[in-house]
Amino acid sequence: MTRDGPGAWDSSYHAPVLADEILELFRGASSILDCTLGGGGHSAALLASGASVTAIDRDPQSITAARARLAEPAAAGRFRVILGNFAEADRLLQDSHQRFDGILADLGVSSHQIDDPERGFSFREGAPLDMRMDPTAAIDAATLLNSAADEEIATILREHADEPRARRIAREIVRRRLNRAFATSDDLVGAIRSVLGPRSGPSDFARIFQGFRIAVNDEIESLTRALPVLRDLLTPGGTLAIISYHSGEDRLVKNAFREWSKDCICPPRQPTCTCRGKALGAVVNRKPIGPSPEETERNPRARSARLRAWRSAA
């Protein structure tokens, strides 16, 4: 499985983002938890480095593809995969005492999920409004758009899509669904264009579709629950690395890492320290690491990736 060169860990299913940077952060690690298996690219690279990998994903298609790709290390007992949400990693692990030298969560969507029109992650013409990472989940994007109150839709647009005209778009969605239920990407694109105007284009659609995807999959809530769980699954001196693609996700990660790195988290005017009294670890990189120009040229979907890492106290 040893490979070299740009794109060495890409597959037809997905191109892993910032793979070289992850390998460097986890150099010397013997046990890795890959919280978002996807196409198995990061796991393949980490296995090739000599580590054993436990992987989690909530998409059965991703698990099937990765198991086929990584059958050899799986047969050797160096790779295993679990179906589920990484926010429940501690519950999903068979051994409640298991700890990891490195933990990775890549919060993006795989290329396969975007490119498969039936999965409904894309705004390409005629795609169903699905967007579920777990295809068995009860709520898809169409259900959300057809049933949520206008204020809930506006909140999603403001908080997950950074949309200044969130309320107007929400009202337009509610108005349109009274005449015909939202079913395909064309329905949502039409509502967006009616508010943002004819000059709106792919960047607007991508941002707003991403916002609804985040809501459908409870991604911000899952990340909020996951962060302390993953921190507590690290060995002393272990590294937690998070790749995010959305300002809200990145802010959550940055603030959590910053708080864990403080000696004291008591209120500023409290005369006596009553908290833990020492930092739980330290931030590895003060500023997020982004993809190189070469990687962005090879894989344009990597352009918004931001990598932050934190290391637990030894």
Side-chain angles (χ1 to χ4, degrees), residues 16-26 29 32-38 41-43 46 54-58 84-90 92 99-110 133 156 158-162 207 210-211 213-263 265 276 279-292 295-296 301-313:
V17 174
L18 296 167
D20 291 341
E21 289 79 359
I22 292 298
L23 286 171
E24 182 61 31
L25 280 170
F26 290 167
I32 304 289
L33 178 63
D34 183 351
C35 295
T36 46
L37 174 62
H42 286 121
S43 284
L46 293 163
T54 298
I56 299 172
D57 206 289
R58 50 178 163 173
N85 188 330
F86 71 92
E88 301 173 340
D90 53 347
L92 294 171
R99 297 294 180 267
F100 300 91
D101 302 324
I103 299 178
L104 167 66
D106 180 347
L107 305 177
V109 181
S110 75
M133 292 181 178
I156 290 168
R158 277 195 302 269
E159 296 185 358
H160 301 333
D162 298 321
R207 175 172 49 81
Q210 180 190 48
R213 187 208 80 209
I214 288 171
V216 166
N217 295 287
D218 290 325
E219 294 176 43
I220 298 295
E221 293 80 2
S222 290
L223 179 60
T224 301
R225 298 198 314 271
L227 284 168
V229 170
L230 301 182
R231 178 198 65 202
D232 293 344
L233 287 173
L234 288 171
T235 58
T239 302
L240 172 59
I242 310 284
I243 302 173
S244 61
Y245 302 79
H246 179 266
S247 59
E249 294 171 337
D250 183 58
R251 187 162 51 249
L252 268 177
V253 174
K254 178 180 69 174
N255 290 341
F257 286 2
R258 181 183 295 166
E259 180 180 321
W260 301 346
S261 303
K262 291 180 178 179
D263 288 329
I265 56 172
R276 59 184 179 243
L280 300 176
V283 171
V284 175
N285 53 307
R286 295 290 176 184
K287 293 184 178 180
I289 299 169
S292 66
E295 179 170 8
T296 302
R301 288 172 177 166
R303 63 185 176 275
S304 60
R306 295 293 179 266
L307 168 61
R308 293 185 186 271
W310 181 85
R311 190 158 291 140
S312 67

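- Shown are Thr224, Asn217, Asp218; of these, the side chain to side chain contact (heavy atoms under 4.5 Å, CB included) with Ile220 is made only by Thr224.
- With rounding to the nearest 0.5 angstrom, the CD1 atom of Ile242 is 7.0 Å from the SG atom of Cys35.
- Distance check: Leu46 CG to Ile22 CD1 gives 7.5 Å after rounding to the nearest 0.5 Å.
- Between Ala55 and Ser43, the closest heavy-atom pair is CB-OG, 4.2 Å.
- Taking CZ of Arg308 as the reference point, atom CZ of Arg286 lies at 10.5 Å (rounded to 0.5 Å).
- In this structure, the separation between CG on Leu25 and CD1 on Ile289 is 5.5 Å, given to the nearest 0.5 Å.
- Side-chain atoms of Asn85 come within 3.5 Å of backbone atoms of Ala87 as a donor-acceptor pair (strictly under, hydrogens ignored).
- Between Leu240 and Phe257, some side-chain heavy-atom pair lies under the 4.5 Å cut-off.
- The local environment of CZ in Arg303 is sparse, with at most 12 non-hydrogen atoms from other residues, nucleotides or ligands closer than 6.0 Å.
- Of the possible polar contacts, none joining the Asp250 side chain to the Ser244 backbone as a donor-acceptor pair under 3.5 Å is found.
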| said: Is there a salt bridge (Lys or Arg N to Asp or Glu O under 4.0 Å) between Glu249 and Arg306? Walk through the geometry before answering. | reply: CA-CA 10 Å; Glu249 294 171 337; Arg306 295 293 179 266; over 6 Å; no
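- By the 4.5 Å heavy-atom criterion applied to side chains, His160 and Glu219 are not counted as neighbours.
- Expressed to the nearest 0.5 Å, how far CD1 of Ile243 lies from OG of Ser304 amounts to 11.0 Å.
- Side-chain contact, Thr36 with Asp106: no donor N or O sits under 3.5 Å from an acceptor N or O.
- Within the model, atoms CD1 of Ile214 and CD of Gln210 stand 4.5 Å from one another, a figure rounded to the nearest 0.5 Å.
- Contact detail for Leu307 and Leu18: the closest heavy-atom pair is CB-CD1, 3.6 Å.
- Ala309 and Asn285 get closest at one heavy-atom pair: N-OD1, 2.9 Å.
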- For Val109 and Met133, what are the C-alpha separation, side-chain angles and deciding distance, and is it a side chain to side chain contact (heavy atoms under 4.5 Å, CB included)? CA-CA 8 Å; Val109 181; Met133 292 181 178; 4.0 Å; yes
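- Residues Leu233 and Ile103 form a side-chain contact, since some pair of their non-hydrogen atoms from C-beta on lies under 4.5 Å apart.
- No side-chain donor-acceptor contact under 3.5 Å links Thr235 to the backbone of Arg99.
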Quick one, Thr239 with Phe26, criterion side chain to side chain contact (heavy atoms under 4.5 Å, CB included). Give me CA distance, side-chain angles, the key distance, then yes/no. CA-CA 7 Å; Thr239 302; Phe26 290 167; 3.8 Å; yes
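- Proximity of His246 to Leu107: side-chain heavy atoms (C-beta onward) are nowhere separated by under 4.5 Å.
- The closest donor-acceptor contact from the side chain of His42 to the backbone of Val17 lies under 3.5 Å.
- Each of Lys254, Arg231, Arg258 was compared with Trp310 under the side chain to side chain contact (heavy atoms under 4.5 Å, CB included) criterion, and only Arg231 meets it.
- For the residue pair Ala305 and Pro291, the shortest heavy atom distance occurs at O-CD, 3.5 Å.
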Q) What do the steps show when you test Arg207 against Asp162 for salt bridge (Lys or Arg N to Asp or Glu O under 4.0 Å), and what is the final call? A) CA-CA 8 Å; Arg207 175 172 49 81; Asp162 298 321; over 6 Å; no
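- Panel note: side chain Asp263, backbone Ala279; a donor-acceptor pair is recorded below 3.5 Å.
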